[in-house]
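Take a look at the structure set out below.
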Amino acid sequence: GFGCPGYYASIRGTASDEKLRRVPKIGMHIVLLGPPGAGKGTQASILAEHFDVAHVASGDLFRKHLGESTELGQLAKGYMDKGDLVPDDVTISMVLDRLTYSDASSGYVLDGFPRTLNQAKALDGALIESGATVDVAPLIIVSPEELVRRLSGRWICKGCQSPYHEVSAPPNQAGTCDLCGAGLYQRDDDKSDVVRSRLDTYESQTSPLIEYYENQGKLVKIDGQRDVDDVTQGLISALGR
Ligand code: AMP
């Protein structure tokens with residue numbers, strides 16, 4: 001499995017042995033589940049770097065479209081401002097298209113997608129076509145009070161999307177990213193009334209995915225109310241099973 005030291009070496013084709021080079025590219029396909037504010041973005045970015053796979057965040061893709069004022073961005077804005085989900089058809093085609101980029105060829109950590117049963121089924125369908133499957137769906141669990149606290153104090157880097165918290169994880173220099181030096185901003189949808197509706201949307205539309213992946217034997221519950229490093233360790237051992 002993913003925990004075996006030789007696993008990635010073999011699928012990346014670094015081994016000189018001819019037989020190993022012919023091992024099909026299995027790849028790593030992880031779906032990170034959890035409510036807004038659970039830490040999916042933070043953990044997905046760490047895991048993607050650790051395993052050298054792509055970090056694909058549907059919210060970041062929408063925000064990129066918004067920033068570039070594309071037609072899709074304009075459409076998505078209406079839903080994002082209210083804390084509603086962008087319709088499945090456009091969301092699914094945007095994400096599935098992103099998964100065909102070369103950086104995703106050895107796998108990906110999905111963050112914020114799927115968020116509906118339709119999206120989960122569309123992902124499964126696309127994976128089956130390429131002879132693959134979702135490997136593990138870790139669910140990061142955090143209490144509702146803690147989610148509200150995290151989201152309402154959140155600041156994000158305009159350049160590299162690194163998250164900060166004004167109380168519990170402030171940058172060294174106010175308003176500036178420690179990692180890339182770009183400015184920080186607060187997401188419009190992290191304002192309190194929209195936070196409420198995003199959490200409601202999660203409960204009604206996304207939480208059914210927990211059962212979906214549980215029925216497939218892919219769900220692993222992770223306590224998200226610990227230090228970032230401890231959560232990462234929990235995730236890495238979950239992926240090694
Ligand atoms: P996020 O950055 O993951 O919190 O996403 C921000 C917003 O983008 C959400 O509140 C939704 O409006 C929209 N969005 C992101 N991912 C999806 C998705 N998989 N399906 C529908 N809407 C999404």
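We count ligands from 1, going down the list as the structure has it; atoms in each ligand are counted the same way. Side chains are part of it too, since the values below use all heavy atoms of this structure and drop only hydrogens, waters and symmetry mates.
Side-chain contact, His55 with Ser45: no donor N or O sits under 3.5 Å from an acceptor N or O.
Shown here for Ser162 and Cys177, the closest heavy-atom pair between the two residues is CB-SG, 4.3 Å.
Using a 4.5 Å cut-off between side-chain heavy atoms of Ile, Leu, Val, Met, Phe, Trp and Tyr, Leu179 falls into a hydrophobic cluster with Trp155, Tyr164, Leu184.
By the salt bridge (Lys or Arg N to Asp or Glu O under 4.0 Å) test, Asp60 pairs with Arg63, sequence neighbours left out.
Here salt bridge (charged side-chain N to carboxylate O under 4.0 Å, His left out) pairs that include residues 81-97, with residues two or more places apart or in two chains, are Lys77-Asp81.
Around ligand 1 you find Ser58, Gly59, Phe62, Arg63, Met80, Asp84, Leu85, Val86, Thr91, Gly112, Phe113, Arg115, Gln119, Arg187, Asp189, Arg198, each with a heavy-atom distance below 4.0 Å.
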* To do: Report the C-alpha distance between Tyr108 and Ile30 in whole Å, list the side-chain angles of each, state the deciding distance to 0.1 Å, and finish with yes or no for side chain to side chain contact (heavy atoms under 4.5 Å, CB included).
  => CA-CA 6 Å; Tyr108 36 80; Ile30 304 301; over 6 Å; no
